[in-house]
There are 2 protein chains.
Amino acid sequence: MQSWQDGPTRSAIIEFVARVSREVDPVERVAVFDNDGTLWCEKPMYIQLDFIVRRLADKVAADPSLAEGQPYLAAHNGDLQWFGGAITKHYQGDDTDLKTLAAAVLSLHDSVKVEDHAAAVGTFFAEAMHPTLHRRYLECTYAPMVELLRYLADHEFACYIVSGGGRDFMRPVTSQIYGIPPERVVGSAQGLKFVGADGYGDLLLQPALDIWDDGPEKPVRIWNRIGRRPIFAAGNSNGDDEMLMYTGAQDGPSLKMLVHHDDAEREFAYTAGAERALGHAEQYGWTTVSMRDDWATVFRD
Amino acid sequence: MQSWQDGPTRSAIIEFVARVSREVDPVERVAVFDNDGTLWCEKPMYIQLDFIVRRLADKVAADPSLAEGQPYLAAHNGDLQWFGGAITKHYQGDDTDLKTLAAAVLSLHDSVKVEDHAAAVGTFFAEAMHPTLHRRYLECTYAPMVELLRYLADHEFACYIVSGGGRDFMRPVTSQIYGIPPERVVGSAQGLKFVGADGYGDLLLQPALDIWDDGPEKPVRIWNRIGRRPIFAAGNSNGDDEMLMYTGAQDGPSLKMLVHHDDAEREFAYTAGAERALGHAEQYGWTTVSMRDDWATVFRD
């Protein structure tokens with residue numbers, strides 16, 4: 001745990017793991033991690049949004065007439081403010097642009113085989129750079145959290161990702177960057193359709209949302225996928241609040257961790273979208289991680 | 001593999017596993033098994049239906065006025081023909097009784113905590129006997145299939161159940177009877193709702209179907225849960241047909257197995273509901289298991 005500064009947070013982790021090692025059957029050692037803003041950087045925009053913008057721009061390159069409408073025009077022009085504005089307007093009660101965006105995003109991979117989609121994601125990650133941090137997205141994971149994943153695995157925890165991000169966007173890289181295999185990646189997802197002929201079959205992505213894995217849906221998906229209550233959870237936003245509440249039986253050891261982005265110098269400083277979770281962390285004694293004070297390093301080299 | 005008779009089926013399994021051990025990365029060794037009729041006995045009625053009938057009868061005992069209507073009257077009287085008839089009528093185009101039954105079944109555990117439901121299932125299995133085989137349901141698993149599960153696990157396969165049966169009905173016993181933990185049990189499921197207060201939360205069953213894990217939905221759920229294409233699949237009915245078609249890349253080793261119930265003496269003999277899958281097995285060269293000829297023993301002692 002050398003990427004963590006000495007202090008109460010690091011001590012809390014080490015004491016928790018020591019207690020679990022003594023008291024908890026290995027099969028019950030389930031740990032769940034949010035991804036965006038908890039394991040990898042989510043600013044200035046979600047990494048998946050960058051992937052989507054590039055794929056939309058690819059479509060315009062193949063069919064320039066698409067640039068007559070949004071979100072293709074914004075993607076073609078690299079107008080990221082349009083995408084941010086769609087989300088801002090949503091919170092102001094105007095869903096017009098978000099609906100336009102969602103329809104285009106869901107149709108992006110309509111009828112694409114899941115294996116071909118995974119290959120497209122792999123190509124993106126092989127090349128794409130973070131716009132301001134001067135490193136590949138694959139190197140935008142938080143070194144202390146990756147070290148924590150390994151530390152927990154070394155103590156016979158099963159670590160899962162439970163993210164609002166796309167399940168099939170994360171899976172192609174999680175083994176490499178986190179040591180988490182596809183079957184332990186829980187996230188939002190498009191619908192799938194089985195198409196078979198001559199004794200074989202494939203799964204094709206469909207232009208409809210199947211799972212929106214955020215907020216109260218996170219504990220539901222945890223039960224669906226794992227069938228146990230976690231004893232460790234880490235998140236960074238209001239979308240993780242219910243997952244943190246669900247974690248830990250009332251009479252056993254548990255650790256509920258909230259990553260607080262307070263390091264403008266090395267990463268980003270923001271609390272927007274995390275207000276309720278930060279309030280609960282203080283109210284219920286969850287472990288708040290200060291990126292500035294608790295992390296000796298932020299990114300892996 | 002001593003519970004399997006010497007012969008082409010046993011040889012096909014052993015040769016497949018030997019080839020996989022040489023050629024396939026352990027992370028790709030995914031095996032999927034249907035449950036009812038593949039791992040445990042499904043005749044004269046699904047084990048889960050027996051659980052449901054007993055729970056319905058419990059409700060009548062607590063509130064005798066329920067016996068004025070179905071399916072409570074049938075449950076109270078032990079009239080299993082009414083339940084079978086509801087399903088028969090469904091296939092004849094009349095859903096009236098099936099809808100009455102489904103509504104009652106979904107409401108049975110309305111707002112029950114998932115842990116309390118698991119405890120009720122555990123109590124059922126601790127006591128319940130098969131109506132004709134003179135053994136507990138827990139002893140109605142097929143010895144050759146349990147041996148196969150272990151044989152595959154010994155060769156670094158990850159074995160999953162992918163069943164039309166209830167996910168949360170199977171999970172409480174699959175570790176004990178199959179060595180399959182809850183996170184590797186895929187099945188049909190009711191909706192869940194998160195209810196939180198004071199920093200803690202629980203998941204409550206809801207009176208609505210979330211997943212009906214049968215037919216073309218099986219490969220979809222396999223991708224959702226596992227994120228890989230299996231290389232081994234075993235089933236016994238038309239509901240497993242798409243799962244078998246989905247199994248195996250066209251250029252790698254795979255084994256697709258269909259259990260054929262042809263042993264009236266030791267178990268049951270039937271093909272109803274398996275016609276299409278048996279046809280595909282013959283057409284595409286899948287491995288058909290004859291319970292009568294291929295199994296040295298049927299049930300574990």
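A note on names: the letters A, B, ... follow the listed sequences, proteins ahead of strands, and every chain is numbered from 1.
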Discussion item. Only heavy atoms, only distances under 4.5 angstrom. Which residues in residues 150-163 of chain B are near chain A?
Written reply: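 The list, in residue order, reads B:Y160.
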
Item to complete: Tell me the residues of residues 209-224 of chain B whose non-hydrogen atoms fall below 4.5 Å from those of chain A, in number order.
Response: B:D210, B:P216, B:P219, B:V220, B:R221, B:W223, B:N224

Worksheet item: Of all of A:H280, A:E115, A:Q283, which one pairs up most often with chain B through heavy atoms under 4.5 Å apart?
Response: A:E115

Item to complete: Below 4.5 Å from any heavy atom of chain A, which atoms of B:R225 appear? Answer side chain, backbone, both or neither.
Response: both

Fill in: Spatial distance of atom OH (B:Y284) from atom OH (A:Y200) [nearest 0.5 Å]
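B:Y284 atom OH to A:Y200 atom OH measures 10.5 Å (nearest 0.5 Å).
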
Worksheet entry | Minimum-distance pair of heavy atoms, taken over all atoms of A:G227 and B:P182 |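 Looking at all heavy atoms of both residues, the closest pair is O-CB, 4.2 Å.
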
Worksheet item: Picking from B:A118, B:G285, B:G201, which has the most non-hydrogen pairs under 4.5 angstrom with chain A?
Response: B:G201

Discussion item. If you count heavy-atom pairs within less than 4.5 Å of chain A, which of B:D168, B:V186, B:L203, B:V185 leads?
Written reply: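 Most pairs with chain A among the choices: B:L203.
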
Worksheet entry | Residue pairs involving residues 179-208 of chain B (criterion salt bridge (Lys or Arg N to Asp or Glu O under 4.0 Å); sequence neighbours excluded) |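 Every pair satisfying salt bridge (Lys or Arg N to Asp or Glu O under 4.0 Å) with a residue in residues 179-208 of chain B: A:R228-B:E183, A:R229-B:D202, B:K113-B:D202.
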
Discussion item. Atom OH of residue position B:Y46 - does it have more than 12 heavy atoms of other residues, nucleotides or ligands inside 6.0 Å?
Written reply: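 12 or below, so no.
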
Worksheet item: Residue by residue, which of residues 21-37 of chain A have a heavy atom closer than 4.5 Å to a heavy atom belonging to chain B?
Response: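 Counting heavy atoms that sit under 4.5 Å from chain B, no residue of residues 21-37 of chain A is involved.
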
Worksheet item: How about B:F194 and A:E242: do any of their side-chain heavy atoms sit closer than 4.5 Å?
Response: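 Yes, their side chains come closer than 4.5 Å.
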
